[in-house]
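For reference, the structure is listed below as structure tokens.
Naming: A, B, ... by sequence-line order, numbering from 1 per chain.
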Amino acid sequence: MCQLSKVQKYTPSKIIQLILEGFEEKVLDSGDLWDCLTCNQCLKDCPEDINFADIVRTARYLMRHKDQSADEYIAHKGIYTTLSEIMSRPYINPERNMEWVPKECKISDKGNTLYYVGCLPFFNYEFEGLDSIATSTLQIMYKVENEPIVVLREETCCGHDIYWGQGKLKTFIKLGQKNIEKFEKAGVSKIITACAECYRTFKVDYAQIFEEFESKFEVKHLIEYIYENWKEGNIEFVKPKKSEETTPFTYHDPCRLSRFLSKENDITGITREIFKEFEKLGYKFNEMKHNKENSLCCGVSSWMNCNEKSKALRYKRMLEAKEAGTIMVTSCPKCNIHLSCLQNDFEDIASIEILDFSEFLVNHIKASNQSNKKEGTN
Amino acid sequence: MSKTKSKEKFPGFNPEILAFCCNWCSYAGADLAGVSRFQYPPNIRIVRVMCSGRVDPSFVLKALKEGADGVLITGCHIGDCHYITGNEYAKERFERLHEILIKQLGINQKRVRLEWISASEGKRFAEVITEFTNDIKELGPLKVF
Ligand code: SF4
Ligand code: SF4
Ligand code: SF4
Ligand code: FES
């Protein structure tokens, strides 16, 4: 069932019906498709495998060409999507803040493994503390890597929000080309990201649109990176302190890491495997009522549709979290932003601590005794 | 005031500059500049707003996206805002826009500027515009490939 239909009259099946009956123009003209969260719950539930969110994305492209403006649907008056558009221009070369890089971590602009930071440094404009996601990620990676990790000061946005939110295909392609050029120049072959949206974008959309992307670059989310290194015995998880034993945590699956990946991709599963190991060590992990592929959407995918309806979804999600734990871990910086934001409005959910996967893990991971880190390139 | 060099760095470059002027002070200042026939370069397009606090940073970004070479925001002097603290609000947001967004985009921060100009400062209005235009001329077009 559509996540939105719980709070408003909007059903993907009705829209599909209209399209099948030949009323495509009517659907486009109505502007209704701006409302969709592109959360992909409907695909997950659809017996015919209709990829509705993808239809919405294409429809948005057509709707813009019918001179419909998306402006009123975009949160923060479009600041963040405008930034992406500016970055897509060939004459723009970002000079991003690098203060978050811890002193002990030596980064490089050339090498094998890249940490793709995403738009975090720009979010400092009005959100606090997100830098620590980047810091934690890098710290985790240095528990494994010997060689300096590549972090690009001039990194550009991956284009996710432009692509899904507004169907701006051309801008998306320009951003992609800029990124690929930079990856190639840096000589990287492995890309690690801690962002759900960047991951899906590289893994699926870049791979589809840009020839050879898949063969040139191996893309991993931090969760996979940690999982593999744990399995290979390069890192291990540490026992909780007494105070932590009593703090139950739960996990919010971002849609982009659950319903938005190919069926073979089992990020939700390996996340649970890691948590199972945590339970063995003495931590308390509880699932929320809606989890894995059925996770509830944060409601503001691609900075679209921050309104009373999506707020209702967020509130529901936070109530589930409250029931399950004191700490809510997620692996999408934007889920983090939107869910934290709601805590300013509702006191009853304000006590939940929302942490990124990287922030949560950084203090619970150490390099294995047996391993002497990886040798050189791998 | 900026020096007028005999040799231009970017010959033929006519910058496009957008200015958001507060209705109560700097817009009136612009008027006064016109009435008093103070000369200032014609590169500027003025958008009148009711208060500098009305200028959302997204307006500035959109202007840059649409091809402006420079964006100026002007308001009443601190303490003189018609809506009491609109300009303080504008200043605080502007600083974040400047330091966090414009800088990280790799756009020279000189291209975006905030100035306080009162209704009686016609001369100063002309000077600010001239100086800003010269600065932008020095920097050259934003769209260099
Ligand atoms: S993608 Fe989500 S919001 Fe959009 S129609 Fe499907 S379930 Fe509803
Ligand atoms: S912010 Fe999180 S839940 Fe929301 S659309 Fe992005 S990945 Fe999905
Ligand atoms: S939920 Fe909060 S942070 Fe997210 S778009 Fe809405 S106002 Fe902004
Ligand atoms: S009224 Fe002029 S700045 Fe507020």
Side-chain angles (χ1 to χ4, degrees), chain A residues 69-101 117-131 134 151-157 161-162 166 168 170-171 174-175 177-178 181-182 303 306, chain B residues 9-10 13 15-18 20 47 49-71 73 86 88-112 114 136-145:
Chain A
S69 160
D71 284 1
E72 63 172 297
Y73 298 89
I74 308 176
H76 297 260
K77 298 202 174 67
I79 286 195
Y80 299 103
T81 45
T82 309
L83 286 171
S84 310
E85 283 190 72
I86 294 177
M87 279 189 255
S88 76
R89 304 287 155 85
Y91 49 88
I92 293 292
N93 231 333
E95 292 171 20
R96 297 147 49 102
N97 183 326
M98 301 291 255
E99 274 163 32
W100 57 268
V101 177
V117 183
C119 294
L120 289 174
F122 287 101
F123 294 157
N124 281 336
Y125 172 65
E126 52 197 327
F127 307 107
E128 271 173 26
L130 291 160
D131 277 355
V151 180
L152 298 175
R153 187 187 184 82
E154 67 277 15
E155 187 188 292
T156 30
C157 162
D161 301 347
I162 290 286
Q166 298 164 55
K168 290 196 171 164
K170 280 185 206 147
T171 312
K174 279 188 210 148
L175 284 167
Q177 285 165 338
K178 269 183 103 169
E181 221 172 86
K182 285 173 190 176
W303 297 109
C306 173
Chain B
K9 240 180 168 176
F10 299 91
F13 169 49
E16 295 200 38
I17 294 172
L18 192 68
F20 294 100
V47 178
V49 289
M50 289 312 279
C51 172
S52 62
R54 175 69 182 89
V55 184
D56 192 275
S58 69
F59 299 177
V60 176
L61 293 174
K62 281 175 188 163
L64 293 170
K65 184 191 106 189
E66 297 301 338
D69 296 296
V71 183
I73 305 166
E88 288 169 23
Y89 187 55
K91 180 166 179 277
E92 196 233 297
R93 277 203 299 194
F94 174 83
E95 279 164 4
R96 275 185 295 138
L97 166 76
H98 219 216
E99 279 307 307
I100 302 176
L101 303 183
I102 301 298
K103 191 173 170 189
Q104 292 198 90
L105 278 171
I107 293 177
N108 193 312
Q109 284 169 280
K110 280 193 194 152
R111 291 188 189 273
V112 182
L114 175 69
I136 302 291
K137 279 191 175 160
E138 275 279 313
L139 290 171
L142 179 60
K143 293 188 192 179
V144 272
F145 294 89

Please classify the contact of A:Asn97 with chain B as side chain, backbone, both or neither, using a heavy-atom distance under 4.5 Å.
both
Would you call B:Pro141 and A:Tyr91 a side-chain contact if the rule is heavy atoms closer than 4.5 Å?
no
Got more than 12 heavy atoms from elsewhere within 6.0 Å of CD, B:Glu92?
yes
So does A:Lys182 have more than 12 non-hydrogen atoms from other groups sitting under 6.0 Å from NZ?
yes
Does A:Glu154 have more than 12 heavy atoms from other residues, nucleotides or ligands lying within 6.0 Å of its CD?
yes
Is B:Lys62 in contact with chain A via its backbone, its side chain, both, or neither, using a 4.5 Å heavy-atom distance?
both
Per-residue tally against chain A (heavy atom, under 4.5 Å) across B:Leu105, B:Leu97, B:Ile107, B:Leu61 peaks at B:Leu105
Heavy-atom cut-off 4.5 Å, strictly under: side chain, backbone, both or neither for A:Arg89 against chain B?
side chain
Answer yes or no: does atom NZ of B:Lys65 have more than 12 heavy-atom neighbours from other residues, nucleotides or ligands under 6.0 Å?
yes
Any side-chain heavy-atom pair of B:Arg96 and A:Glu126 under 4.5 Å
yes
Looking at B:Gln104 and A:Pro121, would you say the former's side chain and the latter's main chain have a donor-acceptor pair under 3.5 Å?
yes
Report yes if the side chains of A:Tyr125 and B:Arg93 come closer than 4.5 Å at any heavy-atom pair, otherwise no.
yes
Under 4.5 Å from any heavy atom of chain A - which part of B:Leu101:
both
Distance (rounded to the nearest 0.5 Å) between B:Leu64 CG and A:Ile92 CD1
8.0 Å
With a cut-off of 6.0 Å (strictly less than), are more than 12 heavy atoms of other residues, nucleotides or ligands near CZ of B:Arg54?
no
